[in-house]
Amino acid sequence: MDLYLTGRRALVTASTGGIGREIAVSLAREGAHVIVNGRTSGSLAAALDYIRATVPSASLEGVMADNGTADGAARTVAAVPDVDILINNLGIYEAAGLFSESDEAWLRMFNVNVMSAVRLSRHYMPRMLASGRGRILLMASEAAVMPAPDMAAYSATKTMLLSLSRSLAELSKGTEVTVNAIVAGSTRTEGVAGLLRQLYPDTPEDEAERRFMGPGSPRATSLIQRLIAPEGIADLVTYVCSPRASEINGAALRIDGGLIRSVF
C-alpha cells in the first residue's frame, strides 16, 4: 500500500532510540524526509547510522536539541522552521511512590512530557493550517486512562496529552490538518528494560517481563500478556501520518495489546 509520504518532512522528537527511532525508520521506509532528534551528538550519530543501515534509501537530517526545555524547543524550530508531520514522542518516566515523589520530579515530568508537545505544536500547527495540510501526533500511554500508583506523575502527564491532542484537533476543523494521540501499551524498549531492572533487581529479563505484565500488576489485563514490539507502534503512527488516514482526527488510538478493558 502506497502511503503517499514521499518527500513529506517529518520531525520525530526523541528519536535516537526506542519507539521514536522505530517511527523514524518506518517513516523513512515510506519515503518521508525524517528529521531525527536527540540530545547528544553521539546518540544522534548512532541513530542516523542505524536508520541508514536499516533503510539504505533513507532521507534524513539530524537536530541536536533537548526539547524538554524552552531553549531546546527554540533550537529545534530555528533549525527546522516547517514540517509536514510532527511526532511529539519525547517522554520520560520513573517508578516512584506517590507520597514520596518530590515537587521537582513532578515539574520535570510536566515540562518534558507536556510542555515539549505544547511548544512544538504551538509553532508548527499554525504553519500547517496556513499550508493547508499536516499531521501532529502525541504519544500517550495506557497509563493515561489506567493510572499506575507507582507512576502517578507520568500517568498524569499522559492524561494531559490526551486532552491537549483533542484541544489542538478542535482548531483543525475544515482543514487537511489532523491531530491525534497514540495510546500505546507497555513497550519493549531500552527505557522499559531499565525500569524492569529498577523494579525487579537481580531478576532475569524474561521473568521480570512476566512479573511486570502478570497477576497483581496494573498491566495484568493485557490480552497478549507481553510487552509490545516498538515496530508495531511505529507502523500505526506512519499510517496515521499518511493522506490515507485523513478521516482520523481528534482520536485517541489504542495499540495496547488489549490491556485497557474498555470497548471505547
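Since this is a predicted model, take the numbers as computed values, not measurements.
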Counting N and O atoms only, with roles assigned by atom type, does the side chain of Thr238 sit under 3.5 Å from a partner on the main chain of Ala234, one being a donor and the other an acceptor? yes
Under 3.5 Å, is there a donor-acceptor pair between the Asn67 and Thr13 side chains? no
hydrophobic_cluster_shared for Ile51 and Ile19, side chain cutoff 4.5 Å: yes
Indicate yes or no for a side-chain donor-acceptor contact from Asn113 to the backbone of Ile92 under 3.5 Å, with no hydrogens or angles considered. yes
Between Glu142 and Ser186, is a side-chain hydrogen bond (donor to acceptor under 3.5 Å, both in side chains) present by the stated rule, with each step listed? CA-CA 8 Å; Glu142 92 275 355; Ser186 300; 3.3 Å; yes
Shortest non-hydrogen contact from Gly38 toward Leu44: N-CD1, 3.8 Å
Closest approach of Glu22 and Pro230, non-hydrogen atoms and distance? CG-CB, 3.9 Å
Same apolar cluster: Leu138 and Leu11, side chain cutoff 4.5 Å: yes
Considering all heavy atoms, the nearest Ser172-Leu129 contact: CA-CD2, 4.2 Å
Using atom types as modelled and distance alone, determine if a side-chain donor or acceptor of Asp84 lies under 3.5 Å from a backbone N or O of Gly134. no
One should read off an interatomic distance between Leu137 CG and Ile182 CD1, to the nearest 0.5 angstrom, of 5.0 Å
Using ring-ring contact (aromatic ring centres under 6.0 Å, His included) as the criterion, list what pairs up with Tyr93, not counting sequence neighbours. Tyr154
So, Thr40 versus Ser43: side-chain donor-acceptor pair below 3.5 Å or not? yes
Consider only side-chain N and O atoms of Glu176 and Ser246, and report whether a donor and an acceptor are under 3.5 Å apart. no
Can you measure from CE (Met213) to CD1 (Ile228) and round to the nearest 0.5 angstrom? 7.0 Å
So which heavy atom on Val34 is nearest to which on Ala28, and how close? CG2-N, 3.7 Å
Option passing salt bridge (charged side-chain N to carboxylate O under 4.0 Å, His left out) with Glu209 (candidates Arg188, Arg226, Arg197, Arg219): Arg188
Can you tell me how far CG of Asn111 sits from CZ of Arg119, rounded to the nearest 0.5 angstrom? 6.0 Å
Do you reckon Met109 sits in the same ILVMFWY cluster as Met139, going by side-chain contacts under 4.5 Å, direct or chained? no
Check whether Asn180 reaches the backbone of Gly250 with its side chain - one donor and one acceptor, N or O, closer than 3.5 Å. yes
Heavy-atom nearest pair, Val177 first then Asn249, reads O-ND2, 3.6 Å
For the backbone of Asn37 and the side chain of Ser15, can you confirm whether one donor and one acceptor N or O come within less than 3.5 Å of each other? yes
Go through it in stages, so that I can follow the logic: the residues are Arg108 and Glu104, the test is salt bridge (Lys or Arg N to Asp or Glu O under 4.0 Å), and I'd like the CA-CA distance, side-chain angles, deciding distance and then a yes or no. CA-CA 6 Å; Arg108 179 169 178 263; Glu104 290 75 17; over 6 Å; no
